[in-house]
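What follows is a set of notes on a single structure, which appears directly below.
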There are 2 protein chains.
Amino acid sequence: MATIYEVAKAAGVSLATVSRVMNNNTPVRQATRTKVLAAMAELGYRPNSIAQSLASNRSNSIGILVSELHGPFYGAMLTGIEAEFRAAGKHVIIAAGHSERETEQDGIEFLKSRNCDALILHVEAVSDDYLIELAQGDTPFVLLNRHIDALADRCISLNNELGGYLATQHLLEQGHRQIAYIAGPMWKTDARERYAGHQRALQEFHCALNTGLFFEGDFRETGGSEGLQSIIASKQPFTAVVCANDEMASGALTTARELGYSVPEDFSVVGFDNVNFAYYTYPKLTTIDYPISAMGHMAARWVLSQVYQQADTEVQQVFEPHLISRDSTHLIV
Amino acid sequence: MATIYEVAKAAGVSLATVSRVMNNNTPVRQATRTKVLAAMAELGYRPNSIAQSLASNRSNSIGILVSELHGPFYGAMLTGIEAEFRAAGKHVIIAAGHSERETEQDGIEFLKSRNCDALILHVEAVSDDYLIELAQGDTPFVLLNRHIDALADRCISLNNELGGYLATQHLLEQGHRQIAYIAGPMWKTDARERYAGHQRALQEFHCALNTGLFFEGDFRETGGSEGLQSIIASKQPFTAVVCANDEMASGALTTARELGYSVPEDFSVVGFDNVNFAYYTYPKLTTIDYPISAMGHMAARWVLSQVYQQADTEVQQVFEPHLISRDSTHLIV
DNA sequence: GCTATATATGAAAGCGCTTACATCATACTA
DNA sequence: TAGTATGATGTAAGCGCTTTCATATATAGC
């Protein structure tokens, strides 16, 4: 592999000049630039990014920590992020946090030790205080899908409360009054916020909350199954169930069918996230759209503008969810 | 951030010694090691991985190129890979190839320019020759889900032909004789191989191939929908349809329902991949299990053993698929 | 007690770049 | 025409490590 030194020699200039034409940060005479470019081409020169990083104290890498690498949700998010950085010539280092405090912290340390110029974090288990302290350090980061007041300017989040509200409002407007709720793990902020939105909608419609119709799930299909079973077992009447995400809604749908119920005739089901398979469930799932891909793009642009002074984009901090009405919900007759 | 130099000073040794205790590659007296470790702890020293890379000519990073970052298939694969490397202290740089030749080549160049110690490639559009030439270069790589004879020792692939065979064999054993086939894009090797397996099964059962019952899809849900519509429109009788992946099977299921057919009563459907949502379709999808997560792990171990001389694992090159029988297929009566 | 051998440590030369700073033309001003 | 600002290039000092080679110290053999 040719080094900058060989290029310099071939072009008959100093290596500083070669560096200049690469980085385009200092005027270079057109004739000189041409010579250098020619020499590079001839030698098949490709800069050593490690050496660049060491010398410039910039690694051009961004660390991404997500809970899981699989699952439709994170996939869409990563796609948005990668596309944006790749176009900017930055690269993305990923790590999984598995929604556990220790693994998440490990992941962050790991990424920092990799000299990432910035981090994009989708963390759930780590405390606000930990993140606030992390913000004192010198690795900038954005928080995706999390809002912390003290760090408001580096949070990109969804208005989950509104999403929860919209889901339940939709059912209420359809005439439902006995609405079951299968929540996510309540230690997760978004699970709590979605539930809060549910409660607000209920209140607005002067509809009492029936705690017997509540189940705390795990955001996975099995949680939806168990939730529905538990709710049915409670013998409380209900005409609709809102699930805090699509995976659980899908589980509920499957279980409903297995138990001989049909959706939406016997009861309606709403999901949350509008994950890509929501369109392929049976019946097609009414859900709340979570613009996660757009949010991934936005997080990447935040980094590009704050850290690399590129991209003069306005950064939108809070995204709004909206209802996607499909076939799993139904007017009450 | 403390440097190795400061640690050396604090411990009263040379920086070479500090380096040695970090890398554990040269004997260091126990007393010295303790002193150094103490100094490190006190200063909160953390080695600069960029400098390590430059000096050692090892970046400890592995580049991963997948077609897409989203989708259940790639997610599972990435999870397997990341877990393995993270445990080994290596990090993973990802890029998406989007199944297009140019993007894939770009991605590979990009990853190489990032000084990856090795690459794990899941490429579809790039030619065998390109890869064979790439193998001449000095960045080692494994190929996932692809088999090239000349590169056999660095391929980790599924026996797709067998998978295709198993799917169709299952139907034949259930008494089906008029079997439609919705293929993946035939320029993709795995699509062709799966179809070949289908043909072999047919032959073995002395069952003629009806080209009217063939549709070339795109491996996505829409492809399954279009495929089923096209097959129905052909007016040829059929009692089963095998789809070259689960996404298309899911699309076919949805469309079948929309057109008033019920599966498996009116016809059976088989998928391929056993992607996680296959269990949540209605009816639950009979499919061919693709052990992609295990294959991801294996690819990572290949790198660990071939490139880093770690992990004395036997590398399994070819994985065998097997049939998962669920509710979308049915004995013919 | 003295040499031969093994073991532990230090000195210093890079790894391939970036970037102050110095230098040298050239162009402009008065 | 000298004096100065300006633009283009070169020089060289790092960036924070690894690693070879040389040196110093300890162990063993006779």
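So that the names make sense, note that chain A is the first sequence line, chain B the second, and so on, each numbered from 1.
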From the list N145(A), V318(A), D190(A), side-chain contact (heavy atoms from CB on, under 4.5 Å) with S157(A) holds only for V318(A)
Taking atom [atom2] of [N] as reference, at what distance in whole Å does atom [atom1] of [X] sit?
{"X": "Q52(B)", "N": "dG16(D)", "atom1": "CD", "atom2": "C1'", "result": "9 Å"}
{"X": "Y5(A)", "N": "dG10(D)", "atom1": "OH", "atom2": "P", "result": "12 Å"}
{"X": "M22(B)", "N": "dG16(D)", "atom1": "CE", "atom2": "C1'", "result": "9 Å"}
{"X": "M1(B)", "N": "dC17(D)", "atom1": "CE", "atom2": "C1'", "result": "14 Å"}
{"X": "R29(B)", "N": "dA6(C)", "atom1": "CZ", "atom2": "C1'", "result": "15 Å"}
{"X": "I4(A)", "N": "dT18(C)", "atom1": "CD1", "atom2": "C1'", "result": "8 Å"}
{"X": "M40(B)", "N": "dC17(D)", "atom1": "CE", "atom2": "C1'", "result": "12 Å"}
{"X": "Y45(B)", "N": "dG16(D)", "atom1": "OH", "atom2": "P", "result": "10 Å"}

Within the 6.0 Å centroid threshold, strictly below: Y290(B) and F319(B): no
Taking only side-chain nitrogens and oxygens of T32(B), does any of them come within less than 4.0 Å of OP1 or OP2 of dT9(C)? yes
Residue S14(A), side-chain atoms from C-beta onward, closest of dT11(D), dC17(C), dA8(C): dT11(D)
Would you indicate which nucleotide in dT9(D), dA8(C), dG16(D) comes nearest to any side-chain atom of L54(A)? dG16(D)
Quick check against the 3.5 Å criterion: does [X] have a side-chain atom that pairs as donor or acceptor with the backbone of [Y]?
{"X": "S305(A)", "Y": "R301(A)", "answer": "yes"}
{"X": "E82(B)", "Y": "A96(A)", "answer": "yes"}
{"X": "E124(B)", "Y": "K188(B)", "answer": "no"}
{"X": "W302(A)", "Y": "F141(A)", "answer": "no"}
{"X": "N60(B)", "Y": "K90(B)", "answer": "no"}

Can I get a per-line list of side-chain donor-acceptor pairs under 3.5 Å for residues 33-50 of chain B, giving both atom names and the distance, sequence neighbours left out?
residue	atom	partner	partner atom	Å
R33(B)	NH2	N24(B)	OD1	3.1
T34(B)	OG1	Q30(B)	O	2.8
R46(B)	NH1	E109(A)	OE1	3.1
N48(B)	OD1	I50(B)	N	2.8
N48(B)	OD1	A51(B)	N	3.0
S49(B)	OG	S113(A)	O	3.0
S49(B)	OG	N115(A)	OD1	3.0

Listed pairs, N/O of protein and of nucleotides 19-24 of chain D, under 3.5 Å:
residue	atom	partner	partner atom	Å
dT20(D)	O4	R20(B)	NH2	3.2

Considering heavy-atom distances to DNA chain C, does V13(B) or A51(B) have its closest nucleotide positioned more toward the 5' end? V13(B)
Please give the angle, rounded to 10 degrees, between the axes at the start and the end of the helix from dG1(C)-dC30(D) to dA30(C)-dT1(D), where five pairs define each axis. 40°
Does CD belonging to Q316(A) count more than 12 external heavy atoms closer than 6.0 Å? yes
Could you tell me whether N57(B) contacts a base, only the sugar-phosphate backbone, or nothing, with contacts defined as non-hydrogen atoms closer than 4.0 Å? nothing
